[in-house]
J.: 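Questions regarding the structure given below will be posed in turn.
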Amino acid sequence: MESVPQDTVTRHDWRLEEIEALFELPFNDLLFQAQTTHRRHFDPNAVQVSTLLSVKTGACPEDCKYCPQSVRYDTGLERESLMDVDEVVRAAERARAAGATRFCMGAAWRSPKRKDLEAMCRMVEAVKALGMETCVTAGMLTAEQAQTLKETGLDYYNHNVDTSPEYYDQVVTTRTYEDRLDTLENVREAGLKTCCGGIVGMGETVRDRARMLQVLANLPEHPGSVPINQLIQVPGTPFHGLDPVDPLDFVRTIAVARIIMPRSYVRLSAGRTEMSDETQALCFMAGANSIFYGDKLLTTGNPDADHDRRLLERLGLRFETVEGETVTPPKPEDAEAARA
Ligand code: SAM
Ligand code: DTB
Ligand code: SF4
């Protein structure tokens, strides 16, 4: 078997066999290596906290087989037009009072039209003015669109590769893997930070997971944030009814992401409502250091903020501030008081 390097630095030349060898390690060895890597670069007891808001919901023309927002699947989702800036700001204020440092605005588009992008820019400016980090996910971007968002003050753009290049056509047919990589390049070239990850549990093999992580780690820059989502199976989507992921395999994916992208924030993303507290604890142990916080993701549920606060408290984990310090998550009554 391949020997696995113990002292990993930031590399962009990961070979598939090396990554597969990490996946094959005994669980304890893998977690030890991931935790050791994590401690070298991060406060092991700090978690970066982002809150999501769907600013334009449903009726998306793309056919992503996991997504409740595709117009092609009957998921019973009500479509909603683009939100007003004021409404977005109120949601961001609530998220900030609850302790989130980053506000991620999602729009169900293939790519934004001119007036859509202008509206998103107004949202970014207004949320930025609250002192929060901003993130947008709105589909494919041209170089000019990425530049416009950068000039508005946007910090992160989220665009996931979702899976391996080999499995991609089983997941999405309306745009190519190359399209995704092109948008990521446009985002990077504009000087925006990238948030880029994928989904586990769409029927892919362990090799596909390794390939997906290889693509991410071998990008010219490691993404600033790497969201690892567990598929949320939404009735009406083609991927509803697939076999669930073994929780330990999910933890392994987090651990490998941590080892090969040692300085990125690895986000334990969608799917936490289906995970036990113990599985989530293992994910943090494996090097996850970011979560989506708040009762909703984009259109589906997320654990209650109350539950998350208790979980983090039980684990001795604290929220990271924008300045890189850590704080105890504000209690709802404190958050209420901060709003008043
Ligand atoms: N339309 C934009 C796009 O595709 O880039 C932005 C929004 S899209 C909902 C953002 C990401 O959420 C997807 O790339 C996918 O990785 C993740 N996602 C969507 N539906 C999901 C589901 N049911 N389970 C897990 N992750 C999901
Ligand atoms: C990411 O990787 N996961 C988030 C965020 N980036 C935009 C979205 C998860 C969406 C889950 C399904 C839903 O709520 O619609
Ligand atoms: Fe549209 Fe994004 Fe959902 Fe795909 S993942 S259907 S592009 S909203």
Side-chain angles (χ1 to χ4, degrees), residues 50-73 75-80 102-112 116 120 134-141 145 156-163 168 171-177 179-184 186-187 194-204 212 216 223-242 244-245 250 253 257 265-275 288 290-303:
S50 298
T51 293
L52 278 167
L53 178 69
S54 180
V55 299
K56 187 268 164 186
T57 304
C60 180
E62 303 290 283
D63 71 351
C64 313
K65 292 198 178 101
Y66 50 78
C67 187
Q69 302 204 66
S70 168
V71 75
R72 295 160 197 249
Y73 315 129
T75 61
L77 184 72
E78 291 268 334
R79 59 172 72 180
E80 289 166 29
R102 192 179 307 164
F103 196 65
C104 308
M105 293 158 273
W109 291 317
R110 174 178 163 81
S111 55
D116 298 332
M120 294 294 311
T134 50
C135 179
V136 164
T137 180
M140 294 186 282
L141 290 187
Q145 288 176 317
Y156 287 83
Y157 195 80
N158 165 251
H159 202 64
N160 290 342
V161 293
D162 282 342
T163 190
Y168 189 77
V171 179
V172 189
T173 68
T174 48
R175 50 173 156 58
T176 64
Y177 212 77
D179 290 333
R180 295 246 117 188
L181 297 176
D182 287 348
T183 291
L184 288 166
N186 293 338
V187 167
T194 53
C195 170
C196 183
I199 306 179
V200 179
M202 300 191 294
E204 74 286 347
M212 173 178 90
L216 296 174
S225 292
V226 180
I228 304 292
N229 298 277
Q230 177 174 287
L231 175 69
I232 299 180
Q233 298 201 5
V234 180
T237 58
F239 283 165
H240 181 245
L242 289 177
V245 188
F250 186 83
T253 310
Y265 281 81
V266 175
R267 184 173 305 130
L268 169 55
S269 301
R272 291 197 299 117
T273 50
E274 301 292 317
M275 287 176 206
S290 171
I291 54 168
F292 286 122
Y293 183 60
D295 306 351
K296 210 168 169 198
L297 292 165
L298 291 173
T299 67
T300 62
N302 199 38

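Just so you know, these numbers use all the heavy atoms, side chains as well, and skip hydrogens, waters and symmetry mates. Values in this document were obtained by computation on a predicted structure and should not be read as measured data. Whatever order the structure lists them in is the order used to number ligands and atoms, beginning at 1.
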J.: What do we get for Ile232 next to ligand 1 when only non-hydrogen atoms under 4.0 Å count, side chain, backbone, both or neither?
T.: both
J.: Which protein heavy atom lies closest to atom 2 (Fe) of ligand 3, and at what distance to 0.1 Å?
T.: Arg175 NH2, 4.4 Å
J.: Looking at Thr51 and Tyr293, would you say the former's side chain and the latter's main chain have a donor-acceptor pair under 3.5 Å?
T.: yes
J.: Looking at ligand 2, does any of its N/O atoms fall within less than 3.5 Å of an N/O of Thr137?
T.: no
J.: Of the backbone atoms (N, CA, C, O) and the side-chain heavy atoms from C-beta on, which set of Asp162 has a member under 4.0 Å from an atom of ligand 1: side chain, backbone, both, or neither?
T.: side chain
J.: Taking only heavy atoms of Trp109 into account, list the atoms of ligand 1 that are under 4.0 Å away from them.
T.: 1 (N)
J.: Does the protein put a heavy atom less than 4.0 Å from atom 8 (S) of ligand 1?
T.: no
J.: For Glu274, check salt bridge (Lys or Arg N to Asp or Glu O under 4.0 Å) against everything at least two apart and list the hits.
T.: none
J.: Test of understanding: given a 4.0 Å heavy-atom threshold, classify the contact between His159 and ligand 1 as side chain, backbone, both, or neither.
T.: side chain
J.: Is any protein N, O or S atom closer than 2.8 Å to atom 1 (Fe) of ligand 3, and if so, which?
T.: Cys60 SG
J.: Check for me whether Tyr66 has a heavy atom closer than 4.0 Å to any atom of ligand 2.
T.: no
J.: Can you tell me which portion of Leu298 lies within the under-4.0 Å heavy-atom range of ligand 1? Options are side chain, backbone, both, or neither.
T.: side chain
J.: With heavy atoms only and a cut-off of under 4.0 Å, state how Pro227 meets ligand 1: side chain, backbone, both or neither.
T.: neither
J.: Would you find a donor on one side and an acceptor on the other, under 3.5 Å apart, between the side chain of Gln145 and the backbone of Pro112?
T.: yes
J.: Record the part of Val234 in heavy-atom contact with ligand 2 below 4.0 Å; permitted values are side chain, backbone, both and neither.
T.: neither
J.: Taking 4.0 angstrom as the limit and counting only heavy atoms of Arg175, give me the atoms of ligand 1 inside it, by number and element.
T.: 4 (O)
J.: Could you check whether any heavy atom of Cys104 sits closer than 4.0 Å to an atom of ligand 2, since that is the contact criterion I want to use?
T.: no
J.: Do Ser269 and ligand 2 have an N or O pair less than 3.5 Å apart?
T.: no
J.: Tell me, which protein residue and heavy-atom name are nearest atom 13 (C) of ligand 1, and how many Å apart are they?
T.: Tyr66 OH, 3.7 Å
J.: Select one of side chain, backbone, both or neither to describe which atoms of Leu298 lie under 4.0 Å from any atom of ligand 2, heavy atoms only.
T.: both
J.: Residue-level breakdown please: for Met202 versus ligand 1, do any non-hydrogen atoms fall below 4.0 Å on the side chain, on the backbone, on both, or on neither?
T.: neither
